[in-house]
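Below, chains carry the letters A, B, ... as their sequence lines are ordered, and counting in each starts from 1.
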Amino acid sequence: MIEILTSFLVVAGAMLVCAGSFGVARFKDYFERVHAAGLPATLGLSLLLIASSIHLSAHLGELFLKPIVVVAILFLTVPLGTEMLARAGYITNVKPAHEYARDDAEEQRELEHKEPVE
Amino acid sequence: MWYQIPVHIALALVWMIMWGSFAPFHVVAGFVVGGAILYALNKGTGGHFYLRRVESLFKLIALFLWQIVLSGIFVARIAIAPRPGNRPGVVAFPLRLKTDGTITALTHMLTLTPGAVPIDISADRSEIFIHCLDLNDVDAVREAKELFEDLLLEVTE
């Protein structure tokens, strides 16, 4: 039973990390790649870590929670990194691949204007 | 409202002394009974039970974890779609939070909302600018933002 659960978690986690990597390779511009680099990888890695926690707990016969601590730290740090990357791109005015269909931050960008980067 | 914490501890202590035992079971039972008494008293006088805030905090954490699951799947789906039909864009949302701490918490949680990364906040703190991976999905982002804001206001005000 535990074997099935951990295998399911490991496969799902690996697929999510894989999808995230595909996203980084396939997305068209900087901001989309930031999305792809951050989110599926967080979820995928935490699934892998939860699986390892369950597997080791079952084998050691006692609760093994260190991977859960790593998950908590991931949830605290990865969004921060994602956000900082996106913000760095925004402040240095990285151009999107296509014109945005909707861009409410146009005037705001003028305020923080820097030389555009291609 | 916070005067209720010492009252709660005192009630639990009385309970434990009455039982003459500080075993873990009696400690937990003391706090549960003390909480029940405080809850009943607040209900009667129309006051605010302080654990309400703790309840909103747990709701916030649960919602946060759920959003992480949704967003991982959301971005992964677009990433492996044969023809990704997403339209990226930057959307401004009104911002009701005013303090540094709550805005930081909000941006942190919004990063993990499906297809949203906050990139800027207007100087007067009335608007937050969010880069959305898919503009067709803007209503979901707005909903998540409102929910997070409501809960953060409940926890901190």
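Ring planes of A:His35 and B:His131: tilted class, angle from 30 to 60°.
Within a 6.0 Å sphere centred on CZ of B:Phe22, heavy atoms belonging to other residues, nucleotides or ligands number more than 12. The environment of NZ in B:Lys98 is crowded: more than 12 heavy-atom neighbours from other residues, nucleotides or ligands sit within 6.0 Å. For A:Ile2, the CD1 atom sits in a loose shell: 12 or fewer heavy atoms of surrounding residues, nucleotides or ligands are nearer than 6.0 Å. Taking a 6.0 Å sphere around CD of B:Glu146, one finds it holds more than 12 heavy atoms contributed by other residues, nucleotides or ligands. The neighbour count for A:Phe22 CZ, taken as heavy atoms of other residues, nucleotides or ligands under 6.0 Å away, does not exceed 12.
For B:Thr104, no part lies under 4.5 angstrom from a heavy atom of chain A. Looking at B:Leu135, only its side chain comes within 4.5 Å of chain A, counting heavy atoms on both sides. For B:Ile78, the parts lying under 4.5 angstrom from a heavy atom of chain A are both the backbone and the side chain.
One hydrophobic cluster, built from ILVMFWY side chains closer than 4.5 Å, holds both A:Leu74 and A:Ile68. Hydrophobic clustering, with ILVMFWY side chains joined whenever heavy atoms are under 4.5 angstrom apart, groups A:Val70 together with A:Ile50. Cluster membership for B:Ile5 and B:Leu41, using ILVMFWY side-chain heavy atoms within less than 4.5 angstrom, is shared. Hydrophobic clustering, with ILVMFWY side chains joined whenever heavy atoms are under 4.5 angstrom apart, keeps B:Val117 apart from A:Val24. A chain of hydrophobic side-chain contacts below 4.5 Å, direct or via other Ile, Leu, Val, Met, Phe, Trp or Tyr residues, connects A:Leu5 to A:Val71.
Contacts of residues 67-77 of chain B with chain A at a heavy-atom distance below 4.5 Å involve B:Ile68, B:Val69, B:Ser71, B:Gly72, B:Ile73, B:Val75, B:Ala76, listed in sequence order.
Residues A:Glu83 and B:Pro118 approach most closely at CG-O, 3.7 Å, considering heavy atoms. When every heavy atom of B:Pro88 is checked against every heavy atom of A:Glu32, the shortest pair comes out as CG-OE2, 3.2 Å.
Between the CE atom in A:Met15 and the CD1 atom in B:Ile80 there is a gap of 7.0 Å [rounded to 0.5 Å]. To the nearest 0.5 Å, atom CG of residue B:Asp120 and atom CZ of residue A:Arg87 are 4.5 Å apart. Distance check: B:Thr111 OG1 to A:Met84 CE gives 8.5 Å after rounding to the nearest 0.5 Å.
When atom types are taken as modelled, the side chain of B:His108 and the backbone of A:Pro79 share no donor-acceptor pair closer than 3.5 angstrom.
Top candidate by heavy-atom pairs under 4.5 Å with chain B, chosen from A:Val34, A:Leu76, A:Leu85, A:Leu47, is A:Leu76. Looking only at heavy-atom pairs under 4.5 Å with chain B, the residue among A:Ser21, A:Gly23, A:Gly20, A:Pro40 that has the most is A:Pro40.
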